[in-house]
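Here the structure is laid out as structure tokens; the discussion comes afterwards.
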Amino acid sequence: TEMIACLGTAQLGMDYGIANRTGKPSRTDAVTIVTRALSMGVALLDTAEAYGDAEEVVRQAEVLPGRIVTKLAPHVLPEGADVSSFIHREFRAARLRLTGKEIGNPVWPEPIFAFLAHTSSYAYREDVVTALLELKRANWSAKVGISCYEPEEALAAAEAGCDCVEVPFNVLDRRFAELIPKLRAGGVFVLARAPFLQGMLAAPPNKWRGSEPGSYFSPALEVAAAAVAKVHDVARNLACPMHAVALRYAIERSGADAVVFGAETLEQVKQDCRIFQGPPLGAEAVALIEREIPQADAIVVNPSLWAKG
């Protein structure tokens, strides 16, 4: 089956990404990016309550519910809450933000494509997974699941009955390579996110925020810069821009159903859609990448550790 292009919307709702020099686009520009992306072959949109006003951008672009993946706010469950009614309430609020429509009764409009928990440890919470599965049974969301960081979490989500997971996969982070085909064989829809690792693989380290004279890179970013320099060298050997190598690698090697890529300008979306539809790297280039570029440490591939170092 053909790989699905999914536009991530974090950059459209907030200032996001280590190589993002233009910042959050205006609402008009953000809406244009979404509508143009859909006209250029993007089939799904990945958004979340945590992405600033990205859900409102999706609503204003009048995206069909069946093209939308969204997520519960992270770490949102209050202690001692009735998990089922809490998640149902949160879903109704998300649906309203995304479509401007209340959940009709008794007529239910088209379900959204997927609703995910944005807290990876919820993969182990039976009460959360049960509440998500109730949304699916009610046909409010076609798929439900978890946005994960670790392979064990994705496995736990699948075993608990989730039919959608979002996982990181990129040239520096191949931890899910063996698990993804098994998840899909078990009927789980897999979204591979972070092909550019929050922009790290979209630009060389001297273009990152914090690389200006007098600025400070955390020790984690020093380690990351060395890893990315290696990717840059391999891309040069392949006579291919680094961000094109990064995106094509995720498309060709993740084995996922969809690759989620973000962009903060229309030009980037056009470029990424061209790469999506463009020629493959091919087996030789992929073998070179995997020979020359090792799996990076957690300090590089987990953005929540970057500031700590």
Side-chain angles (χ1 to χ4, degrees), residues 3 8 17-20 120 147-155 165-184 190-211 216-262 272 275-276 278-309:
M3 176 66 72
I18 196 165
N20 180 348
S120 52
S147 178
C148 305
Y149 271 110
E150 303 291 340
E152 304 74 52
E153 294 160 347
L155 201 52
V165 294
E166 189 172 301
V167 303
F169 187 94
N170 55 66
V171 78
L172 291 174
D173 189 2
R174 310 195 280 264
R175 294 170 300 136
F176 283 85
E178 288 176 14
L179 181 59
I180 289 172
K182 293 176 186 162
L183 291 168
R184 289 186 67 197
V190 180
L191 296 134
R193 69 166 181 272
F196 302 128
L197 194 47
Q198 287 198 14
M200 220 175 234
L201 293 163
N206 64 355
K207 295 276 200 301
W208 296 353
R209 294 176 177 188
S211 63
Y216 169 72
F217 262 6
S218 70
L221 290 183
E222 292 288 357
V223 177
V228 172
K230 196 148 194 141
V231 180
H232 204 246
D233 289 345
V234 170
R236 227 188 352 253
N237 285 348
L238 294 171
C240 189
M242 180 169 71
H243 89 278
V245 168
L247 185 51
R248 282 301 325 171
Y249 182 79
I251 292 165
E252 290 169 49
R253 290 299 276 168
S254 67
D257 293 280
V259 167
V260 182
F261 63 94
D272 292 343
I275 293 166
F276 229 95
L281 291 169
E284 264 178 64
V286 164
L288 173 73
I289 289 165
E290 292 177 356
R291 202 165 53 242
E292 296 291 324
I293 302 165
Q295 164 72 37
D297 294 337
I299 205 164
V300 174
V301 299
N302 187 344
S304 67
L305 303 177
W306 291 353
K308 300 182 179 77

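The first residue of the sequence shown is numbered 1, and numbering continues consecutively from there. Since we're looking at a predicted model, the values are computed, not measured.
- By the 4.5 Å heavy-atom criterion applied to side chains, Arg175 and Pro168 are counted as neighbours.
- Contact check for Val228 versus Leu172: side-chain heavy atoms found under the 4.5 Å cut-off.
- When every heavy atom of Asp272 is checked against every heavy atom of Gly262, the shortest pair comes out as OD2-O, 3.9 Å.
- The line from CG of Leu155 to CZ of Phe176 is 10.0 Å long, rounded to the nearest 0.5 Å.
- Here the shortest heavy-atom pairing between Leu305 and Ala298 reads CD1-O, 3.6 Å.
- Of the candidates Val231, Ile275, Leu201, His243 forms a side-chain contact (heavy atoms from CB on, under 4.5 Å) with just one, namely Ile275.
- Side-chain contact between Val259 and Phe276 is present, with heavy atoms from C-beta onward closer than 4.5 Å.
- Distance check, rounded to the nearest 0.5 Å: CE of Met200 to CG of Asn170 gives 10.0 Å.
- Side chain of Glu292 to main chain of Leu288: no donor-acceptor pair is present (N/O by atom type, distance under 3.5 Å, no hydrogens or angles).
- Looking at Gln295 and Asp173, their side chains come closer than 4.5 Å, going by heavy atoms from C-beta outward.
- Between Val165 and Leu183, some side-chain heavy-atom pair lies under the 4.5 Å cut-off.
- In terms of heavy-atom proximity, Pro195 sits nearest to Ala246 at O-CB, 3.7 Å.
- Taken to the nearest 0.5 Å, the CD atom of Glu222 stands 11.0 Å off from the CD1 atom of Ile299.
- A donor-acceptor contact shorter than 3.5 Å is absent between the side chain of Arg184 and the backbone of Val190.
- Atom CD of Glu152 is separated from atom OG of Ser120 by 10.5 Å, given to the nearest 0.5 angstrom.
- Taking both residues in full, the closest heavy atoms of Ala256 and Met3 are given as O-CE, 3.3 Å, listed atom of the first, atom of the second, then distance.
- Annotation: side-chain contact (heavy atoms from CB on, under 4.5 Å) contacts of His232 (sequence neighbours excluded): Pro204, Arg236, Met242.
- In this structure, Val167 and Ala154 approach most closely via the heavy-atom pair CG1-CB, 4.2 Å.
- Taken from CZ in Arg193 to CZ in Phe169, the straight-line distance is 13.0 Å, to the nearest 0.5 Å.
- Partners of Val286 according to the side-chain contact (heavy atoms from CB on, under 4.5 Å) rule, which considers only residues two or more places apart in sequence or in another chain, are Tyr249, Glu252, Arg253, Leu281, Glu290.
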Practice problem: Could you give me the CA-CA distance, side-chain angles and deciding distance for Cys240 and Arg248, then say whether side-chain contact (heavy atoms from CB on, under 4.5 Å) is met? | Solution: CA-CA 11 Å; Cys240 189; Arg248 282 301 325 171; over 6 Å; no

